[in-house]
Each structure stands twice: as C-alpha cells, then as structure tokens.
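Right, one structure below, let's go through it.
Worth knowing before you read on, the calculation uses all heavy atoms, side chains too, and leaves out hydrogens, waters and symmetry mates.
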Amino acid sequence: FSINISGVKMLSMLQAVNTLIVVFFSFSIAKLVERKSEKVVLIIGMLLYVIGYGLISLSNSIYILIPLIITATIGELAASPILSSRKANLIPKDNQASYLSLSGFSFHGGEIFAAFGLTLSGFAGAPVIAGYITGIGVIGTVFILGSLYEKKWSVRSIKAFFTKEI
C-alpha cells in the first residue's frame, strides 16, 4: 500500500501534526513536567527538539517523519515555557524594550544558519545536513544552558556543568 505525497504536501502534513500537538497537548505536557527539575526538563526538552529536527533531514518517508516531528514538538513544548520565563526574568525592568528588540537578532541569526544549511545541502548529502542541524542545535543548547546555569564561562565550567549531578 503506497500513497504518493509530494514534498509540499509532506511539509504541510508535518506542520499540521505540529500544530495539532501544540493545540491539544500543551497543557498535558506542561502538567507532566511541572514537578520535575527545571534543568532536567530543559535539557531533555531541548535534546528531543534538536534530535527530532536533526533527524528529519535524513528521511522522506512520512512514517518516519511524523514520529520525528512529534518528538521535536514534545521537546519544544517542554523547553519553551522555561526558556520564555527565564528570558523574561533575566531582563531588567527598565530596559525591557531594548532587550526585546535585540532578542530579534536570535531569529535573524537562525536565518543565517538556515541559509548556509540550504546552500550546503546543494553540495552535501542528507547525513551531512543532519549533522549540521544537530551540531548547531547541540551548540545552541550548550550556550543556553551555560548562560542560564553557569555564572562564569570557561571550558572547565562547561565540562563541570555536564558532569555534575543534575
């Protein structure tokens, strides 16, 4: 049994699955993680997000892509509320407008990495692109976790962060 699904239809299906999960399971996932350690939830959520989106580039089978988008969306739903509230708490009240306008640069930075990945995909295969997406995601995760939980940045503090008990 086979159904021919074009790339545009497949992307639309994945976006629909993502939207449905967000709409129907946001509160369930929030309830599931509310009593867990913020740090643990953030690490697991971000890793699910990175792994889900990193592996999506390896397949064109809808039967593989749907579980991967579900994984990424669950990670997003677990990590996003923590990231949003921590960002809001870090911003000094008298400088909120400046900080929020500068936070838009993270979106534009992501666009630059995406454009480079798109260019790279013309020369490299899917495994390289999956590695690129996953690598950028892991680096971003390390930076976010380090900025939220470490007072001083150094290679030693990053190693200690990941080796000490969570």
Reported [atom1]-to-[atom2] distance for the pair [X] and [Y], which is rounded to 0.5 angstrom:
{"X": "N18", "Y": "I66", "atom1": "CG", "atom2": "CD1", "value": "12.0 Å"}
{"X": "Q15", "Y": "I69", "atom1": "CD", "atom2": "CD1", "value": "8.5 Å"}
{"X": "L47", "Y": "T71", "atom1": "CG", "atom2": "OG1", "value": "12.5 Å"}
{"X": "M10", "Y": "S59", "atom1": "CE", "atom2": "OG", "value": "7.5 Å"}
{"X": "T73", "Y": "I29", "atom1": "OG1", "atom2": "CD1", "value": "8.5 Å"}
{"X": "L14", "Y": "K9", "atom1": "CG", "atom2": "NZ", "value": "14.5 Å"}

So if you build clusters from Ile, Leu, Val, Met, Phe, Trp, Tyr with side-chain heavy-atom gaps below 4.5 Å, do [X] and [Y] land together?
{"X": "Y63", "Y": "I70", "answer": "yes"}
{"X": "V22", "Y": "L65", "answer": "yes"}
{"X": "F113", "Y": "I56", "answer": "no"}
{"X": "V41", "Y": "L83", "answer": "yes"}
{"X": "I139", "Y": "I129", "answer": "no"}

Nearest heavy atoms of [X] and [Y], plus distance in Å:
{"X": "G54", "Y": "A130", "result": "O-CB, 3.3 Å"}
{"X": "R86", "Y": "L148", "result": "NH2-O, 3.1 Å"}
{"X": "P81", "Y": "E76", "result": "CD-O, 4.2 Å"}
{"X": "A72", "Y": "G52", "result": "CB-CA, 4.0 Å"}

#### Entry: S80 side chain vs L77 backbone, donor-acceptor pair below 3.5 Å
no
### Message
Tell me whether S26 contacts the main-chain N or O of V23 through its side chain, where contact means a donor paired with an acceptor under 3.5 Å.
### Response
no
### Task
For F25, look at atom CZ and say whether over 12 heavy atoms of other residues, nucleotides or ligands are found less than 6.0 Å away.
no
